[in-house]
Amino acid sequence: MATFFGEVLSVYSRAVEEDEEELDENEEDEEIRRELEKKREVHLNWSPEVSESLKSGNKLQCSDFILAVGHNAARFLSVYVLTSENWDTVGHAAVWNERSRAVTGITSEESACVFYRHKDNPSVLMCQATCYIAEDQLFQWTEKVFDCLQLRQLNVTVLSESPVAEYKTADYLCSSSAPFLRSLHTAAFSGQPVCTSLEQPNIVTGLPAAVLNHCEVHRIATVVYQCYSDVTGPDSVTMETFKPAITKLGKTIQLDPSPSTDVLRKFVRTTNIQSNLYI
């Protein structure tokens, strides 16, 4: 560049250096994003027997898959089904996200996603999912789990729960009679649900919705039973609401009609008050 006096000056430009800095920052951001995506990947860890079968190209022969989402739904299976000791733990799903990495006061058993298989009837599979699965992980979880199952003649039953405050109805008496069940099912489901269909504009969300959508696309017979409860913590009355849904399966799963007090006490406990002016 020339000055008014004819002197030629070398001009320093930051254009190239700024572009290089932006490129470096973009590469760093991209690397962080890739690492985060890798860390948030859903991992299925199966027992050695199941793993060997899957590696050989054989999918799990499954006629009935029961998925319990939420603490009351999962504990219902623990109290009324798993106490029979006719079930083997065959795997679990490892999920890392913003909630699962920083949960305090919750044991690993309570924040788990565990798969069980019936000893006498290996085609019956159950899953208790009490861990939080983020929105970007729902598709992963569903795809990976169902990719391990033989889909032909598969029947899926989903037990889930939701606060009654989220239930939309013009009939106040209906919402005041909580807990109660509502159902949604795929077009391939030919049975008769044990309760009324979920009325519009109510919806199911989270993992139950992801499973229902996946099964609708792949034409898998699936029914979701959503329990609306006015109790936020573990509750024996809320658990019992799921009984008709499992009884509907007939001899596939045997329910314990009267679980012992010790079993109920183990899985039903009063939720601790986190904040109280008088403490």
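The structure presented is a predicted model; accordingly, all values stated were derived computationally and were not measured.
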Hey, any chance [X] and [Y] share a hydrophobic cluster, counting ILVMFWY side chains that come within less than 4.5 Å of each other, even indirectly?
X	Y	result
Val237	Val81	no
Val50	Leu149	yes
Leu151	Val145	yes

Measure the [atom1]-[atom2] distance between [X] and [Y] for me, rounded to the nearest 0.5 Å.
X	Y	atom1	atom2	value
Tyr167	Ser229	OH	OG	14.5 Å
Leu54	Ser56	CG	OG	8.5 Å
Gln137	Trp96	CD	CH2	9.0 Å
Tyr132	Leu207	OH	CG	11.5 Å
His185	Thr157	NE2	OG1	12.5 Å
Phe76	Ser236	CZ	OG	12.5 Å

So Ile253 and Met126, side chain to side chain contact (heavy atoms under 4.5 Å, CB included) or not? Walk me through it. CA-CA 10 Å; Ile253 296 180; Met126 287 198 319; 4.1 Å; yes
Under a 4.5 Å cut-off applied to non-hydrogen side-chain atoms, are [X] and [Y] in contact?
X	Y	answer
Ile133	Cys131	yes
Thr196	Arg182	yes
His118	Trp87	yes
Val223	Leu184	no
Pro179	Tyr228	no
Val224	Ser160	yes
Thr222	Phe189	no
Thr89	Phe115	no

Hey, does the side chain of [X] reach the backbone of [Y] with a donor-acceptor pair shorter than 3.5 angstrom?
X	Y	result
Thr241	Thr238	yes
Thr130	Ala112	yes
Glu161	Cys227	no
Gln61	Gln150	no
Gln128	Ala74	yes
Thr186	Ile220	yes
Asp235	Val231	no
Lys248	Pro193	no
Ser51	Trp46	yes
Asp88	Arg117	no

Show, in sequence, the C-alpha distance, side-chain angles and deciding distance for His214 and Phe146, and conclude whether the ring pair (Phe, Tyr, Trp, His ring centres under 6.0 Å) test is met. CA-CA 9 Å; His214 178 90; Phe146 280 89; 5.0 Å; yes
Which heavy atom of [X] sits nearest a heavy atom of [Y], and at what distance?
X	Y	result
Asn45	Ala94	ND2-CB, 3.9 Å
Ala134	Asn97	N-ND2, 3.7 Å
Val124	Ser63	CG2-OG, 4.4 Å
Thr142	Ala210	OG1-CB, 3.6 Å
Val164	Ala178	CG2-CB, 3.9 Å
Val42	Gln140	N-OE1, 2.8 Å

Output, in order, the C-alpha distance, side-chain angles, deciding distance and verdict of side chain to side chain contact (heavy atoms under 4.5 Å, CB included) for Asn155 and Phe65. CA-CA 6 Å; Asn155 294 282; Phe65 177 45; over 6 Å; no
Other residues, nucleotides and ligands only: do more than 12 of their heavy atoms fall within 6.0 Å of CZ on Arg33? yes
With a cut-off of 6.0 Å (strictly less than), are more than 12 heavy atoms of other residues, nucleotides or ligands near CD of Glu49? no
Run the numbers on Ile66 and Leu249 for side chain to side chain contact (heavy atoms under 4.5 Å, CB included), then give the verdict. CA-CA 10 Å; Ile66 297 92; Leu249 298 177; 3.9 Å; yes
Test salt bridge (Lys or Arg N to Asp or Glu O under 4.0 Å) on Glu35 and Arg40 and set out the steps. CA-CA 9 Å; Glu35 291 180 359; Arg40 293 176 71 90; over 6 Å; no
Determine whether Glu41 and Lys38 satisfy the following criterion, salt bridge (Lys or Arg N to Asp or Glu O under 4.0 Å), listing intermediate values before the conclusion. CA-CA 5 Å; Glu41 184 177 351; Lys38 185 177 180 180; over 6 Å; no
Do Tyr80 and Phe242 have ring centroids that are under 6.0 Å from one another? no
Apply side chain to side chain contact (heavy atoms under 4.5 Å, CB included) to residues Leu212 and Val158 and explain how you reach the verdict. CA-CA 9 Å; Leu212 188 67; Val158 182; over 6 Å; no
Any side-chain donor near an acceptor of the partner, Asn121 and Ser123, under 3.5 Å: yes
